[in-house]
Every structure is written in C-alpha cells, then in structure tokens.
*Asks:* 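Have a look at the structure that comes next, please.
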Amino acid sequence: MLDGSGSRFPVTMRLKKRTDFLRVFRKGATWSGACFALHVLPRAEGPRLGIVISRKYGTAVERNRAKRRIREAFRANTERLPSADILVRPSPACREATVDEIARLLIEGASRAIGR
RNA sequence: AGAGAGGGUCAGGGAGACGCCGGUCGCCGGCUCAAGUCGGCGGCUGGAGGAAAGUCCGGACUCCACAGGGCAGGCCACUGAGGAGAUCUCAGCAGGGGUGACCUUGGGAAAGUGCAACAGAGAGCAGACCGCCGAUGGCCCGCUCCGUGCGGGCACAGGCAAGGGUGAAACGGUGGUGUAAGAGACCACCAGCGGCCCGGGCGACCGGACCGGCUCGGUAAACCCUGGUCGGAGCAAGGCCAAGUAAGAAGGCGCUCGAGAGCUGCCCGCUCAAGCCUUCGGGUAGGCCGCCUAGAUGAAUGUCUUCCCGCGACAGAAUCCGGCUUAUCGACCCUCUCUCCUU
RNA sequence: GCUGGAGUAGCUCAGUUGGCAGAGCACGUCCUUGGUAAGGACGGGGUCACGGGUUCAAUUCCCGUCUCCAGCU
C-alpha cells in the first residue's frame with residue numbers, strides 16, 4: 001500500500017483557493033474517523049487534497065508533521081481514492097498515527113462518504 | 001578519583017529509490033499578431049534554527065505633516081571603552097553570597113512628604129513594664145552627748161537605662177574610670193559618620209594622616225528629586241491592478257462667522273478642508289510589488305530500504321538585521337577551584 | 001504575523017496609601033413541614049496560574065515563563 005514509487009503529487013491535485021475550501025465545507029459529505037474528519041465533494045477530474053489544521057492541534061512542528069504524513073498517504077494512494085475533493089481535518093489523536101494507518105483511514109472514509 | 005565554576009563547538013551520519021518548493025538552461029504544447037503568459041518533461045543547482053520561539057529591547061523600512069512648542073506620561077540609571085542604538089557586549093569599582101574557582105546587585109534617604117500590621121514600656125529628634133538605686137528630699141524605728149548627730153528600714157517623691165523581655169529593626173561594640181545606681185559623663189582600642197589634606201587611578205574608587213561631634217536607622221522594584229531618553233503607528237505598514245454592489249434609506253452637524261480630519265492624554269501652533277459622523281441594509285475579501293543566492297501565499301524538507309554509533313532533545317523561516325530571555329537528549333574541547341588518595 | 005487583556009473557593013466575580021483572603025450561587029449538617037421546595041441557623045472548601053527578586057512582610061511592587069480570550073487583512 002505504501003509503495004508510492006511512480007506516484008506524483010502535482011499542483012492539480014491540491015485545493016488551492018479559499019472558495020474551493022468553502023464549497024467543500026458547505027456541500028461535501030462528512031465522515032469522522034478515529035484520527036480525523038473528512039469533507040468529500042465528488043468531481044470528475046480526479047482526486048484533490050486539502051488539509052485544515054488549527055493551531056490548537058499543537059506546535060508548528062506537530063502541525064507540519066501531520067500535514068506531511070497526510071500528503072504522503074494521499075500521494076501513495078491516488079489510484080485507490082475516489083474522484084473527489086477531499087478535505088482532511090486532523091484531530092489531536094492523529095499525532096501518534098503512522099502513514100500506514102492514515103492511508104487506510106483515508107481510503108475507507110472517502111469511499112464511505114461518497115457511498116452515501 | 002570525586003564534587004564543582006566559567007567559556008566554546010556540534011545538533012546523528014553514509015548509500016539507494018520515489019516525491020515536494022525555488023532558480024537556471026534546453027525541448028514540447030495551449031492562448032496571443034507579437035512582446036509575453038500558462039502548463040508539461042529532462043539536465044544542473046539551492047532548500048529551516050541555535051534558539052527559526054517568546055515578542056522583551058534596539059534599529060532599518062513604510063505611512064501619518066521628512067516630525068513643531070509646553071504640560072502630563074513612559075522608560076533608563078556605579079565607572080571607562082566598543083557600538084547606528086539598546087533592558088547590549090567587554091573590562092573595572094563597591095555592597096552581598098560562597099572554603100574557593102566564581103555568582104549576584106547597582107544614582108540620590110543630610111530637598112521634602114509618606115509607610116512600618118502584630119508584638120512590645122517604647123518605632124523616629126522614642127521610651128520605662130519587670131528591674132537597679134534611692135546619694136538628696138520625705139515617712140517610720142532604734143541609739144543618743146538631745147544638736148543641724150549616728151545606724152537601720154520603707155520604696156513616697158525622685159534618679160537610671162546596665163540586665164531581662166518584644167520585634168525584621170530598640171539610637172554604637174569591648175574593657176576600664178566613675179557613681180547611690182548608672183549612662184560617651186570621661187578614657188583606650190575598634191566599627192561607623194562628617195570635614196579637610198596628602199598619595200595612586202582617565203574615572204567609579206582605593207590607601208594614609210589630622211580634626212570634629214560622640215552615633216546621626218530602613219524603605220525610592222512608595223510618592224518624589226537629579227540627569228538622560230522617547231512624536232504616533234506598524235509589512236494585516238504601505239503601493240498598484242482587477243472584479244463587484246450601491247449612485248441605498250433614516251437621523252445629526254456644517255459649507256469661509258468653517259463641521260470634520262491629520263494628531264497621540266491635554267493645550268498651543270501648523271496644514272488640509274466641502275463635505276463629515278451615527279444607525280440600518282448590501283457587496284468584496286482575488287492577483288502583483290513590498291519579499292531577499294531558503295523565499296512560499298492553502299503556504300515547500302517527507303516516505304521507504306539498508307549500514308554504523310553514544311539510539312538522537314528542544315523544536316519549523318513568513319519584511320530584514322543587532323541583542324536579550326526562555327526550552328533543550330547528549331557528545332566533545334579549553335581554562336580554573338575544592339576535597340581525598342598515591343609517589 | 002502584529003497589538004491588547006485576563007488568570008483569586010466547584011462556578012461567576014470583588015479585593016489600593018503592601019500587614020484580614022472575601023461576597024453571591026452551589027455543597028454538607030441541623031431547624032421548620034405529614035413530606036418536598038422556599039426560608040432560617042451553623043459549617044467545610046484557597047500552594048491568590050507558575051518561578052525568581054525588592055521589602056521586616058507580596059494577591060498587591062518589579063522581572064521571566066505557562067494557559068486562555070479578544071481585536072487588526
């Protein structure tokens with residue numbers, strides 16, 4: 001699952017605009033897991049990732065680490081994820097999670113949110 | 001060997017694979033007449049810290065009027081250098097702490113005002129509870145040569161501040177003279193204060209001699225005084241472009257007799273000035289510059305495999321510098337101190 | 001990123017020329033009632049966020065940390 005060789009993470013796979021974030025927040029389906037909450041809004045051109053993490057999560061180092069792990073989980077599994085804008089909001093429980101666990105939860109949560 | 005003091009350096013490293021951001025070169029594609037711009041691929045190359053942190057000081061920079069006067073207010077404070085400057089650094093001086101290496105604090109209490117609960121007799125040019133004495137005066141008793149004499153007692157007047165006790169602090173310490181008992185009342189030495197002189201040092205200050213009155217306390221991180229310093233805001237400063245709502249409604253003040261704004265707490269002064277303020281309702285919150293041989297603007301350093309060691313702490317740039325403070329697993333280096341053991 | 005403010009009992013908050021730690025609600029016991037609520041009486045509960053410093057003495061004054069909350073695009 002973690003064999004990410006060949007996978008890429010270009011700019012087109014990221015949420016870049018404030019309006020994009022607000023649209024996913026308002027219209028997307030939500031899913032809450034042990035480690036983070038998801039907002040998922042289907043689109044045609046493939047998956048895109050956005051991360052929202054508040055200052056209350058921890059120090060700058062902990063917030064950066066969480067974002068990098070989530071990005072890595074996303075990059076290694078773009079083929080398994082549904083074609084949608086995926087917004088990830090980590091909770092403090094995410095600090096101890098490995099990339100492996102994050103990837104599993106990400107695929108499961110996104111699929112379930114779409115399925116509803 | 002153990003314990004400790006001061007200062008400095010490093011911040012896991014090597015190899016491979018896949019990725020991320022910037023720069024540059026080349027190629028390809030979209031849009032455009034073109035300059036150009038957007039995207040993709042490949043090569044080369046750069047890519048977090050000693051604190052990037054806290055935002056505690058000081059600047060650069062930007063805007064307010066290229067920055068005025070007074071009052072108020074804030075901040076700083078031993079000496080000498082360094083520095084653009086600083087609550088900075090270095091060296092020194094004095095007080096305090098430590099056996100020591102060293103650490104730590106720093107204007108003025110004799111300009112004035114204020115404060116010191118409780119305890120205690122007394123707390124600021126103090127005071128007498130217990131206590132000591134009672135020479136002198138008073139009262140009582142005895143002796144008597146009957147006197148203005150002698151002896152004893154009382155603790156009434158009065159004297160004293162040595163000792164006890166209270167307190168954080170009680171108006172010098174030790175010894176002696178002295179006295180009824182005592183006391184700087186007097187004397188010797190010591191401590192401390194003030195004045196003056198000599199010597200050393202750029203200076204803070206240090207050493208010494210003489211004289212004086214004999215003691216003259218603490219707190220300015222209380223008001224304050226003295227000297228110095230400070231205009232206000234801050235890159236979300238500020239500038240440019242684009243998009244877009246509304247030429248919205250109600251009320252108030254005003255158009256040179258001047259509302260209001262710059263401008264900060266107040267006043268003065270200066271400048272601009274025909275619109276301004278309040279409430280309700282509505283819209284936008286995009287891009288570029290500022291912004292950098294790290295330089296983003298949803299915001300870049302990660303994941304996996306393997307080897308080595310002491311198994312890796314605190315922690316992530318956001319306009320940029322100079323400091324301070326705080327967090328920190330450990331490793332190494334230099335200088336020095338104390339104790340013990342051996343020779 | 002920048003600029004302010006706050007931290008005192010379980011909760012909401014007072015507390016100035018530095019010397020006492022307080023109020024309301026809540027909680028416990030008792031009284032009142034046939035019983036409950038209300039009311040009355042009594043009572044417990046605090047490292048004044050933390051660590052240094054100044055002072056004889058600090059919730060208070062000074063310095064440094066931590067946490068929380070606002071405002072500015």
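Convention: sequence-line order gives letters A, B, ...; per-chain numbering from 1. All values below come from the heavy atoms of this structure, side chains included, with hydrogens, waters and symmetry mates left out.
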*Asks:* Can you check the A:Met13 CE to B:G39 C1' distance for me, whole Å?
*Replies:*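 Whole-Å distance recorded here is 15 Å.
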*Asks:* Which value, in whole Å, describes the distance between the P atoms of nucleotides B:C193 and B:G96?
*Replies:*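 That atom pair is separated by 12 Å.
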*Asks:* Whether the side chain of A:Arg89 engages the backbone of A:Phe36 through a donor-acceptor N/O pair (distance < 3.5 Å, no angle test) should be reported.
*Replies:*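 It does not hold such a pair.
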*Asks:* For the side chain of A:Ala60, counting heavy atoms from C-beta on, which of B:A315, B:A317, B:G302 is nearest?
*Replies:*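 Nucleotide nearest to A:Ala60's side chain: B:A317.
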*Asks:* Taking syn as any angle within 90 degrees of 0 and anti as the rest, which one fits B:G26?
*Replies:*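 Glycosidic conformation of B:G26: anti.
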*Asks:* Give the rounded distance in Å between these two atoms: OH of A:Tyr57 and C1' of B:G298.
*Replies:*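 For the pair A:Tyr57 OH and B:G298 C1', the rounded distance is 18 Å.
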*Asks:* Using a strict 4.0 Å threshold on nitrogen-to-oxygen distance, state whether A:Glu108 and A:Arg112 make a salt bridge.
*Replies:*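 Here A:Glu108 pairs with A:Arg112 in a salt bridge, since their nearest N and O are under 4.0 Å apart.
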*Asks:* Under a 3.5 Å cut-off for both contacts, is C:A49 paired Watson-Crick or G-U wobble with anything, and if yes, with which nucleotide?
*Replies:*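 By the stated definition (distances under 3.5 Å), C:U65 pairs with C:A49.
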*Asks:* Round to a whole Å and report the spacing from CZ of A:Arg68 to P of B:C304.
*Replies:*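 About 14 Å, once rounded to whole Å.
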*Asks:* How far, in whole Å, is B:U303 from B:A34 if one measures between their C1' atoms?
*Replies:*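 After rounding to an integer number of Å, I get 47 Å for this pair.
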*Asks:* Rounded to whole angstroms, how far apart are CG on A:Asn77 and P on B:C18?
*Replies:*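 Atom-to-atom, A:Asn77 to B:C18, this comes out as 18 Å.
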*Asks:* Select one nucleotide: of B:G302, B:G298, B:U303, the one nearest the side-chain heavy atoms of A:Val99.
*Replies:*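 Selected nucleotide (nearest to the side chain): B:U303.
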*Asks:* Using purine N1 to pyrimidine N3 plus N6-O4 or O6-N4 for Watson-Crick, or N1-O2 and O6-N3 for G-U wobble, each under 3.5 Å, what pairs with B:G112?
*Replies:*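 When the pairing criteria are applied, B:C223 turns out to be the nucleotide that pairs with B:G112.
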*Asks:* Which way is the base of B:G201 turned, syn or anti, if we draw the line at 90° from 0?
*Replies:*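 For B:G201, whose glycosidic angle is more than 90° from 0, the conformation is anti.
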*Asks:* OP1 or OP2 of B:G316 versus the side-chain N and O atoms of A:Thr59: is any pair under 4.0 Å?
*Replies:*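 Checking A:Thr59 against B:G316: at least one side-chain N or O falls below 4.0 Å of OP1 or OP2.
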*Asks:* Check whether any side-chain N or O of A:Thr30 sits under 3.5 Å from a backbone N or O of A:His39 as a donor-acceptor pair, and report yes or no.
*Replies:*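 It does not hold such a pair.
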*Asks:* Could you give the distance separating B:A317 and B:A300 at their C1' atoms, to the nearest angstrom?
*Replies:*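 Taking atom C1' in both B:A300 and B:A317, they lie 11 Å apart.
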*Asks:* What residues, two or more places apart in sequence or in another chain, satisfy ring-ring contact (aromatic ring centres under 6.0 Å, His included) together with A:Phe74?
*Replies:*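 ring-ring contact (aromatic ring centres under 6.0 Å, His included) check on A:Phe74 returns A:Phe9.
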*Asks:* Where do A:Val52 and A:Val88 land on the side chain to side chain contact (heavy atoms under 4.5 Å, CB included) test, with the steps shown first?
*Replies:* CA-CA 6 Å; A:Val52 172; A:Val88 185; over 6 Å; no
*Asks:* Does any nucleotide pair with B:U278 by Watson-Crick or G-U wobble geometry, both distances under 3.5 Å, and what is it?
*Replies:*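 Across all strands, the one nucleotide that pairs with B:U278 is B:A250.
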*Asks:* For residues A:Leu49 and A:Arg14, determine if any side-chain heavy atom of one lies less than 4.5 Å from a side-chain heavy atom of the other.
*Replies:*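 Contact flag for A:Leu49/A:Arg14 side chains = no.
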*Asks:* Mind checking the P distance from B:A123 to B:G106? Whole angstroms is fine.
*Replies:*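 Pairwise P distance, B:A123 against B:G106, rounds to 34 Å.
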*Asks:* Under 4.0 angstrom, heavy atoms only, what part of the nucleic acid is A:Arg14 near: base, sugar-phosphate, or nothing?
*Replies:*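 Sugar-phosphate only.
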*Asks:* Could you go step by step and tell me if A:Asp20 and A:Asp85 meet the side chain to side chain contact (heavy atoms under 4.5 Å, CB included) rule?
*Replies:* CA-CA 9 Å; A:Asp20 292 338; A:Asp85 286 339; 5.6 Å; no
*Asks:* In whole Å, measure the gap between the P atoms of B:U245 and B:G265 for me.
*Replies:*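 Between the two P atoms, the distance is 39 Å.
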*Asks:* For nucleotides C:G52 and B:U105, find the distance between their P atoms and express it as a whole number of Å.
*Replies:*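 Their P atoms lie roughly 16 Å apart.
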*Asks:* Determine if the base of B:A250 is syn or anti; take syn to mean the glycosidic torsion is within 90° of 0.
*Replies:*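 Anti.
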*Asks:* Using atom C1' in both nucleotides, what's the gap between C:G45 and B:C314 to the nearest angstrom?
*Replies:*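 Approximately 40 Å lies between the C1' atom of C:G45 and that of B:C314.
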*Asks:* Between A:Arg68 and A:Glu72, does the side chain to side chain contact (heavy atoms under 4.5 Å, CB included) criterion hold? Intermediate values first, please.
*Replies:* CA-CA 6 Å; A:Arg68 282 166 187 154; A:Glu72 181 62 24; over 6 Å; no
*Asks:* Can you identify which nucleotide, out of B:G302, B:G298, B:U301, has its nearest atom closest to the A:Phe21 side chain?
*Replies:*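 That would be B:G298.
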*Asks:* With a 4.0 Å cut-off on heavy atoms, is A:Arg71 in touch with a base, just the backbone sugar-phosphate, or nothing at all?
*Replies:*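 Touches sugar-phosphate only.
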*Asks:* Quick one: classify the glycosidic conformation of B:G147 as syn or anti, with syn meaning within 90° of 0.
*Replies:*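 Here B:G147 takes the syn form, which means its glycosidic angle is within 90° of 0.
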*Asks:* If C:U59 has a Watson-Crick or G-U wobble mate with both distances under 3.5 Å, name it; if not, just say none.
*Replies:*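 Base-paired to nothing in any strand shown.
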*Asks:* Could you tell me how far B:C160 sits from B:C129 if I compare only their P atoms? Round to whole Å.
*Replies:*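 That atom pair is separated by 14 Å.
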*Asks:* Identify the nucleotide, in any strand shown, that forms a Watson-Crick or G-U wobble pair with B:A236, with both distances under 3.5 Å; if there is none, say none.
*Replies:*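 With both distances under 3.5 Å required, B:A236 matches none.
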*Asks:* When both hydrogen-bonding distances must be under 3.5 Å and the geometry is Watson-Crick or G-U wobble, what is B:U339 paired with, if anything?
*Replies:*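 Across all strands, the one nucleotide that pairs with B:U339 is B:A1.
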*Asks:* Rounded to whole angstrom units, what separation is found between the NZ atom of A:Lys67 and the P atom of B:A296?
*Replies:*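 Going from NZ in A:Lys67 over to P in B:A296 covers 16 Å.
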*Asks:* Expressed in angstrom and rounded to an integer, what is the separation of A:Ile70 atom CD1 from B:G298 atom P?
*Replies:*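 A:Ile70 atom CD1 is separated from B:G298 atom P by 18 Å.
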*Asks:* Please name the nucleotide paired to B:U89 by Watson-Crick or G-U wobble geometry with both distances under 3.5 Å, or report none.
*Replies:*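 Partner of B:U89: B:A81.
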*Asks:* If pairing requires Watson-Crick or G-U wobble contacts with both distances under 3.5 Å, which nucleotide is the partner of B:G42?
*Replies:*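 By the stated definition (distances under 3.5 Å), B:C25 pairs with B:G42.
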*Asks:* What is the separation between atom CG on A:Asp20 and atom C1' on B:U297, rounded to the nearest whole Å?
*Replies:*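 Whole-Å distance recorded here is 15 Å.
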*Asks:* For A:Asn64 and A:Leu87, take the nucleotide of RNA chain B holding the closest heavy atom to each; which residue's nucleotide lies nearer the 5' end?
*Replies:*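 That would be A:Leu87.
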*Asks:* Without decimals, in angstroms, what is the distance between A:Glu62 CD and B:A315 C1'?
*Replies:*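 Spelled out: CD on A:Glu62 to C1' on B:A315 is 10 Å.
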*Asks:* How should the glycosidic conformation of B:C216 be described, syn or anti, under the criterion that syn lies within 90° of 0?
*Replies:*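 Syn, angle within 90° of zero.
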